[in-house]
Amino acid sequence: MSVKIVECPRDAMQGWSHPIATATKIDYLKSLLNVGFDVLDCGSFVSAKAIPQLADSKRVIESIAPYKQATQLLCIVANERGAQTAATLEAVDIIGFPFSLSETFQIRNTKQTTQTSIETLQQLLLIGSKHNKTVQVYLSMCFGNPYQDPWSIEMVIEWCHRLKQMGVEKINLSDTIGAAKPQAIETVFKQVHDINGVEFGAHFHTTPFNAIANLQAAYDNGCKKFDAAIKGYGGCPFAADQLTGNLPTETLLTFLQEQSIPLKINQEAFALAMAKSQAVFVES
């Protein structure tokens, strides 16, 4: 059975402390389009004040659009205004919206309460339907909550059902702070597997010590879509004082190969993108 791979340079770039030139981003994303990932998370339409690194997302996406082949393009929005901007771009296939089980984190991340976020999501679904864009929800704090808000696995499953009822067809179960344990991952994915009509994916922020165990727990319990970023760069700048990196793409690919899962990845193009990443994520 095949597995979908989502490459997340947007997630890698957003928390990077040094400015990345627009031309450098475009060149890097073009190299990633050559690899053959199922989805490329390539930009974000949010407040430039909150995440200045991604203020050029519209220009970047317009520049890489002619090089798009089978890979779908995804961008993140935090409100209706951002979704309207994304909807004007023909190359964008998927609009991602971060929604947290933790209201504390939701306010930190999008400046919205849980109720306001639900109202925003309703508007995003209408925009997506009108412009033929898929809306994907990143359901964060799925495997634990460091902010002392109410949390339980039952709460995770309840929200998955509620999102489905709203019309959401893609949900990424997200570990924004790198706190997930294999047992919780196993339990959550085992239970959401019975929710028909929704494609579930995993968005893990990991350390070198828990990446493989968490991957194994998700894969063994039905997860067939994973987010990753080359060399594990990135992390959510609103989640914690100490960023936990993304799941490294190279770790994911090695894991999938060891599971004898056929990959559509162009290995030569991936090696070139890996080398190019060193020029993107540099300390100045």
Side-chain angles (χ1 to χ4, degrees), residues 4 6 8 11 41 46 74 76-80 82-83 94-129 133-205 214 217-219 221-227 236 238-240 244 247:
K4 290 185 178 181
V6 182
C8 302
D11 204 355
D41 177 359
V46 299
L74 177 151
I76 300 296
V77 305
N79 53 38
E80 185 178 349
I94 305 169
I95 297 173
F97 179 67
F99 180 80
S100 181
L101 296 176
S102 161
E103 185 164 56
T104 300
F105 179 64
Q106 190 69 25
I107 293 170
R108 289 181 63 168
N109 196 27
T110 67
K111 306 295 189 292
Q112 298 179 30
T113 64
T114 298
Q115 181 56 41
T116 304
S117 296
I118 287 295
E119 294 167 3
T120 298
L121 178 57
Q122 290 171 332
Q123 293 304 310
L124 266 56
L125 289 165
L126 290 174
I127 292 169
S129 177
K133 310 292 187 187
T134 299
V135 175
Q136 174 173 294
V137 171
Y138 288 80
L139 190 59
S140 68
M141 308 301 164
C142 277
F143 309 102
N145 181 347
Y147 301 111
Q148 286 73 55
D149 297 312
W151 181 90
S152 68
I153 288 176
E154 290 74 22
M155 184 178 174
V156 176
I157 306 306
E158 179 183 341
W159 271 108
C160 288
H161 280 288
R162 182 171 176 181
L163 292 170
K164 178 192 173 182
Q165 291 169 359
M166 291 179 64
V168 176
E169 298 178 351
K170 292 181 182 290
I171 300 175
N172 262 26
L173 304 179
S174 304
D175 175 27
T176 314
I177 57 170
K181 306 293 187 207
Q183 184 175 1
I185 293 171
E186 175 183 341
T187 303
V188 169
F189 274 102
K190 188 178 293 184
Q191 293 193 36
V192 300
H193 190 66
D194 296 328
I195 302 177
N196 296 321
V198 178
E199 179 186 54
F200 287 95
H203 184 93
F204 293 144
H205 288 187
N214 289 353
Y219 177 76
N221 289 280
C223 182
K224 298 298 180 286
K225 186 176 76 171
F226 294 92
D227 288 8
C236 179
F238 305 107
T244 304
L247 171 69

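What you see is a predicted model; the values in this text were computed from it and never measured.
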Can you check whether [X] reaches [Y] side chain to side chain, under 4.5 Å on heavy atoms?
X    : Y    : answer
L247 : D227 : no
F143 : L173 : yes
L139 : S174 : no
V135 : L121 : yes
N79  : T110 : no

Heavy atoms of other groups near E103 CD, more than 12 under 6.0 Å: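 Yes, enclosed.
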Residues K224, Y219; criterion side chain to side chain contact (heavy atoms under 4.5 Å, CB included); working and verdict: CA-CA 6 Å; K224 298 298 180 286; Y219 177 76; 3.7 Å; yes
Test log, rule side chain to side chain contact (heavy atoms under 4.5 Å, CB included), inputs N172 and Q136: CA-CA 7 Å; N172 262 26; Q136 174 173 294; 3.7 Å; yes
Under 3.5 Å donor-acceptor, T187 side chain and Q183 backbone: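 Yes, T187 side chain to Q183 backbone: donor-acceptor pair under 3.5 Å.
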Check: N221 side chain, A217 main-chain N or O, donor-acceptor pair, under 3.5 Å: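 Judged by distance alone, yes, a pair lies under 3.5 Å.
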Side chain to side chain donor-acceptor pair (under 3.5 Å) between S100 and S140, worked out: CA-CA 5 Å; S100 181; S140 68; 3.1 Å; yes
Side chain to side chain contact (heavy atoms under 4.5 Å, CB included) assessment of Q123 paired with L126: CA-CA 5 Å; Q123 293 304 310; L126 290 174; 4.1 Å; yes
Derivation and outcome, side chain to side chain contact (heavy atoms under 4.5 Å, CB included), residues E80 and I127: CA-CA 8 Å; E80 185 178 349; I127 292 169; 3.6 Å; yes
Nearest-0.5 Å distance that lies between atom SG in C142 and atom NE2 in H203: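 Reported to 0.5 Å precision, the distance equals 11.5 Å.
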Rounded distance (nearest 0.5 Å) linking atom CD of Q122 with atom CD1 of I118: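 Rounded to the nearest 0.5 Å, the CD-CD1 separation comes out at 7.0 Å.
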Under the ring pair (Phe, Tyr, Trp, His ring centres under 6.0 Å) test, residues paired with F97 that sit two or more places apart: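 Scan of F97 (ring pair (Phe, Tyr, Trp, His ring centres under 6.0 Å), adjacent residues dropped) gives none.
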Quiz item: cation-pi between K4 and F226, 6.0 Å / 45°: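 Here K4 fails the 6.0 Å and 45° test against F226.
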Let me have the donor-acceptor pairs involving side chains of residues 151-168, under 3.5 Å, with sequence neighbours excluded, atom names and distances please.
| from | atom 1 | to | atom 2 | distance (Å) |
| --- | --- | --- | --- | --- |
| W151 | NE1 | M141 | O | 2.8 |
| S152 | OG | M155 | N | 3.0 |
| K164 | NZ | N196 | O | 2.8 |

For Q115, side chain to side chain contact (heavy atoms under 4.5 Å, CB included) partners two or more places apart: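 Q115 satisfies side chain to side chain contact (heavy atoms under 4.5 Å, CB included) with T113, E119 once adjacent residues are dropped.
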